[in-house]
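Note on naming: letters A, B, ... go to the chains in the order of the sequence lines (proteins, then strands), and numbering restarts at 1 for each one. None of these values were measured; they are calculated from a predicted model.
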Amino acid sequence: MKVLPKDFYERDPALVAKELLGKILVRRLGSKVLSGKIVETEAYYGKNDPASRAYTGRKIFNELMFLDVGKAFIYMVHANWLLNIVAHLKNDVGAVLIRAIEPLEGIEIMRKNRKVEEIRNLTSGPGKLTKALAITKEQNGIDVAEISSELTIAEGKMESFEIGTSHRIGVKNDLPQELRFFIKGNKFVSKFS
DNA sequence: AGGAAGATCTACT
DNA sequence: GTAGATCTTCCTA
């Protein structure tokens, strides 16, 4: 398994978000491994992005977005933990939100964590996938570019797919550009449009 | 102390 | 398919 190197994340968030599609999110739980293909992401910037956690300036809770890239940045919204990966150019601010994955390994454990039978409903949303993979604030700040971490992102299979874009979901004040990216036709994308 | 937050579930028309 | 209640944390007053 090849883990994506740290410099993968040291680029424009929108570019990182787009290229994360098709990559494999790997969650290690003791001896168990849960994994899924990333099928939907969104990019967030810093000061000039009203929807960003970093919009109001650097605080303790959003500090990660200002620091090293390639770290998991996790926070709670509406009783759901949302998983972001810090990604931005040098000395800039930003992160990529993982919105949906397609389950590959450890589906039975995900079922147990989510208490849902239907596979399609297991990880097809940002709050759903964190629950299925047992991700909480405990994992905040984990280095996903490090192969020994309990949360990493690995190179996926070589395959081609069409990438769709749209405006970000649930955002009050969105930017003019489309910053949501998803694999066209994939059943695990949270919403269509 | 209060409210807002990048969502989800349920119960309907 | 769509609307509305409600899930929990952390910031801001």
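Taking the nucleotide of DNA chain B with the nearest heavy atom to each of A:Leu129 and A:Lys172, the more 5' of the two is matched to A:Lys172.
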Legend entry - Under the 3.5 Å Watson-Crick or G-U criterion, the dot-bracket string of DNA chain B, with | for inter-strand pairs: |||||.||||||.
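Rounded to whole angstrom, the span from the CG atom of A:Asn84 across to the P atom of B:dA7 amounts to 11 Å. What separates CD1 of A:Ile60 from C1' of C:dT12 is a distance of 13 Å, to the nearest Å. For the pair A:Leu82 CG and C:dC7 P, the interatomic distance rounds to 18 Å; values are reported in whole Å.
No side-chain donor-acceptor contact under 3.5 Å links A:Arg27 to the backbone of A:Ala132. The backbone N or O of A:Ile101 sits less than 3.5 Å from a side-chain atom of A:Thr123, completing a donor-acceptor pair. In this structure a side-chain-to-backbone donor-acceptor pair under 3.5 Å is missing from A:Asn80 to A:Lys128.
Contact annotation: A:Arg58 does not reach the phosphate of C:dC11 (side-chain N/O to OP1 or OP2, under 4.0 Å). Under 4.0 angstrom from either OP1 or OP2 of C:dT8 there lies no side-chain N or O belonging to A:Lys137.
When distances run from any side-chain atom of A:His78 to the nucleotides B:dA5, C:dT8, C:dC11, the shortest one goes to B:dA5. Which of C:dT8, B:dA7, B:dC9 sits closest to the side chain of A:Asn121 comes down to B:dC9. Listed nucleotides B:dC9, B:dA7, C:dC10 differ in distance to A:Lys128; the shortest reach to its side chain belongs to B:dC9. Candidate nucleotides C:dC7, B:dA7, B:dC9 were compared by shortest atom distance to the side chain of A:Ile169, and B:dA7 ranks first. Nearest nucleotide to the A:Asn80 side chain, out of B:dT8, C:dT9, C:dT12: B:dT8. Which of C:dC10, B:dT8, B:dC9 sits closest to the side chain of A:Pro126 comes down to B:dT8. Minimum atom distance to the side chain of A:Thr56 is reached by C:dT12, of the listed C:dC11, C:dT12, C:dC7.
When the shell of 6.0 Å around CD of A:Gln177 is examined, it contains more than 12 heavy atoms from other residues, nucleotides or ligands.
Salt-bridge check for A:Glu155 with A:Lys2: failed, with every basic side-chain N at 4.0 Å or more from each acidic carboxylate O. Look at A:Lys6 and A:Asp68 and you find a salt bridge, because one of the NZ, NE, NH1 or NH2 atoms lies within 4.0 Å of a carboxylate O, short of that distance. A:Arg168 and A:Asp49 are joined by a salt bridge, as a carboxylate oxygen and a charged side-chain nitrogen come within less than 4.0 angstrom of each other.
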